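This report refers to the structure that appears directly beneath it.
Just so it is clear, the model here is predicted, and its values are computed rather than measured.
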Amino acid sequence: MTPTIPGFEHLRLPGVDGVALAAAVGGHGSPVVLLHGFPQTHLMWRHVAERLADRHTVICPDLRGYGASDKPAADSPGVYAKRTMAADVVALAAALGHDRFALVGHDRGALVAFRAGLDHPETVTHLGILDVVPTLDMWDVLHGVSAAVAFHLYLMAQPPRLPETMIAGSADAFFGSFLDAWAGGPEALPPDVRAAYLRASRAAVPSIVADYRASATVDIEHDRADRDAGTRLTVPVTVLQQDWGARLGYDASAVWRAWAPDLDHRLTGAGHFMAEEAPEEVTAAIRELLTR
């Protein structure tokens, strides 16, 4: 049985272009949308969502291509563009009656959240980012052997068929390697949760690859166009991440400040799956963000 977020209702809601998204919704108050990362589903927010639900309506969707959400074929570059996935989130919130909401994303979900903040400044009120830099900057900071930590970015950037075939042939080993390597400890991902992530990812290899391939193509184009135009985030932004700058040799705070003038940049001692490893820290950061 797949674990759930206790007390949350599970819905199917419209995104864009006929895509339906699965979402867990709970709590009461001003809306906060939480977007998951790779190789996970909305379930990664289970601890944080329960905590935030005492004061907020908390909406935790599976991104298109992940979990129980629709997985459209990537028959054009835009299908898994972060611009399209951000539009999904705006449409989903609108279907629940929310034309403005705070948005927090982790990993892949953070890239969607970043794009939503740029494309929908009238809709996103606050922006939380967990453990990424924007797509354009991500490629810029990966150099030499240090880039091996992100080998999957290069694998899934390859033309269609090769990465899908390779990953599908050993899906549990591939996705499980990230769950094991990126967790601060095995207690962060109990066996039933780990199994749920593997099951969901195994069933979504083509769409997960398409999501990553978009970040090597169309997402770069969108980010570069915004950077060239001087477009910046106009809302309060909190970034919580591991000290990737020290590991890879760049100033992570400076990277983010170039996009986000109203920035609170924080480092954490937790691992990549910080919402599961350190939910109190993540919840506190979100609550503080929402007061700005």
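Contact of the T4 side chain with the H10 side chain is registered, since non-hydrogen atoms from C-beta on lie closer than 4.5 Å. In this structure, V255 and P134 have side chains that are in contact, with non-hydrogen atoms separated by less than 4.5 Å. Counting only heavy atoms from C-beta outward, the side chains of L142 and L153 approach each other to under 4.5 Å. No side-chain heavy atom of L130 sits under 4.5 Å from any side-chain heavy atom of V132. V58 has its side chain out of reach of V25: every pair of non-hydrogen atoms, C-beta onward, lies at least 4.5 Å apart. Considering only heavy atoms from C-beta on, Y66 stays 4.5 Å or farther from T41 through its side chain. Side-chain contact between D264 and V239: absent, with no pair of heavy atoms (C-beta onward) separated by less than 4.5 Å. At a threshold of 4.5 Å between non-hydrogen side-chain atoms, the residues D131 and Q242 count as touching.
In summary, the aromatic rings of Y212 and F38 are positioned with their centroids under 6.0 Å apart. Aromatic ring centroids of H28 and H56 lie 6.0 Å or more apart. Residues Y154 and W139 bring their aromatic ring centres within 6.0 Å. Proximity of the aromatic rings of W244 and H265 is defined here by a centroid distance below 6.0 angstrom, and this criterion is not met.
In this structure, F151 and F174 have perpendicular ring planes: the angle between them is above 60°, well past the 30° mark.
Salt bridge absent: R232 and D226 never bring a charged side-chain N and a carboxylate O closer than 4.0 Å. R287 and D54 are joined by a salt bridge, as a carboxylate oxygen and a charged side-chain nitrogen come within less than 4.0 angstrom of each other. In summary, R46 and E276 engage in a salt bridge, as defined by a charged side-chain N under 4.0 Å from a carboxylate O. Using a 4.0 Å cut-off between a side-chain N of Lys or Arg and a carboxylate O of Asp or Glu, D223 and R115 qualify as a salt bridge. Residues E280 and R51 are paired through a salt bridge, judged by an N-O separation under 4.0 Å between the basic side chain and the carboxylate. Classification of D262 and R292 as a salt-bridged pair holds, one side-chain N sitting under 4.0 Å from a carboxylate O. Between D192 and R194 there is no salt bridge, since none of the side-chain N atoms of the basic residue sits less than 4.0 Å from a carboxylate O of the acidic one.
R12 contributes a side-chain N or O that, together with a main-chain N or O of A68, makes up a donor-acceptor pair within less than 3.5 Å. With hydrogens and angles disregarded, no donor-acceptor distance shorter than 3.5 Å links the side chain of T84 to the backbone of Y80. No donor-acceptor pair closer than 3.5 Å links the side chain of Q241 to the backbone N or O of L267. In this structure a side-chain-to-backbone donor-acceptor pair under 3.5 Å is missing from R213 to P77. Of the possible polar contacts, one joining the H143 side chain to the D140 backbone as a donor-acceptor pair under 3.5 Å is found. A side-chain donor-acceptor contact under 3.5 Å links D251 to the backbone of S253. With hydrogens and angles ignored, the 3.5 Å screen pairs a side-chain donor or acceptor of H36 with a backbone N or O of Q40. In terms of modelled atom types and a separation under 3.5 Å, the side chain of T268 and the main chain of A270 share a donor-acceptor contact. Between the side chain of W256 and the backbone N or O of L263, no donor-acceptor pair lies under 3.5 Å. Side-chain N or O atoms of S69 include one that pairs as donor or acceptor with a backbone N or O of D62 at under 3.5 Å.
Nearest approach of A116 to L103, heavy atoms of both residues: CB-CD2, 3.6 Å. A23 and L13 make their closest contact through CB-CD1, 4.1 Å (heavy atoms, listed as atom of the first residue, atom of the second, distance). Minimum interatomic distance between A260 and L233 (heavy atoms only, all atoms of both residues): CB-CD1, 4.1 Å. Here the closest heavy-atom approach between residue P72 and residue V79 is recorded as CG-CG1, 3.8 Å. When every heavy atom of A171 is checked against every heavy atom of R202, the shortest pair comes out as CB-CG, 4.0 Å. Between T135 and D219 the shortest heavy-atom distance is CG2-CB, 4.1 Å.
Annotation: the span from T123 atom OG1 to F101 atom CZ amounts to 6.0 Å, rounded to 0.5 Å. Here the straight-line distance linking atom NE2 of H222 with atom CG of L136 works out to 12.5 Å at 0.5 Å rounding. Here the CD atom belonging to E277 is positioned 10.0 Å from the NE2 atom belonging to H47, to the nearest 0.5 angstrom. Rounded to the nearest 0.5 Å, atoms NZ (K71) and CZ (R64) are 12.0 Å apart. For the atom pair R100 CZ and S30 OG, the distance stands at 11.5 Å (nearest 0.5 Å). With values rounded to the nearest 0.5 angstrom, L155 atom CG is found 9.0 Å from E164 atom CD.
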Test log, rule side chain to side chain contact (heavy atoms under 4.5 Å, CB included), inputs V90 and L92: CA-CA 6 Å; V90 172; L92 174 146; over 6 Å; no
Take I5 and H42 through the test side chain to side chain contact (heavy atoms under 4.5 Å, CB included) and record every step on the way to the result. CA-CA 9 Å; I5 303 177; H42 75 276; 3.9 Å; yes
I would like to know whether V32 and I59 meet side chain to side chain contact (heavy atoms under 4.5 Å, CB included); could you show each step before the answer? CA-CA 6 Å; V32 180; I59 305 163; over 6 Å; no
Show the numbers, then the answer: is there a salt bridge (charged side-chain N to carboxylate O under 4.0 Å, His left out) between R83 and E221? CA-CA 11 Å; R83 172 159 288 161; E221 296 171 12; over 6 Å; no
Between T238 and E288, is a side chain to side chain donor-acceptor pair (under 3.5 Å) present by the stated rule, with each step listed? CA-CA 9 Å; T238 292; E288 291 176 36; over 6 Å; no
For D211 and K82, run side chain to side chain contact (heavy atoms under 4.5 Å, CB included): C-alpha distance rounded to whole Å, both residues' side-chain angles, the deciding distance at 0.1 Å, then the answer. CA-CA 8 Å; D211 167 36; K82 303 308 155 293; 2.9 Å; yes
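Side-chain N/O atoms of S215 and R108 include a donor and acceptor closer than 3.5 Å.
Cluster annotation: W259 and L248 are assigned to the same hydrophobic cluster (Ile/Leu/Val/Met/Phe/Trp/Tyr, side-chain heavy-atom contacts under 4.5 Å, transitive). V16 and L111 fall into different hydrophobic clusters, defined by Ile, Leu, Val, Met, Phe, Trp and Tyr side-chain heavy atoms under 4.5 Å apart, directly or through other members. In the hydrophobic cluster analysis, where Ile, Leu, Val, Met, Phe, Trp and Tyr join through side-chain heavy atoms closer than 4.5 angstrom, L198 is grouped together with L63. L34 and L289 fall into different hydrophobic clusters, defined by Ile, Leu, Val, Met, Phe, Trp and Tyr side-chain heavy atoms under 4.5 Å apart, directly or through other members. Cluster annotation: L43 is connected to V48 through the hydrophobic network of ILVMFWY side chains, with a link wherever side-chain heavy atoms come within less than 4.5 Å.
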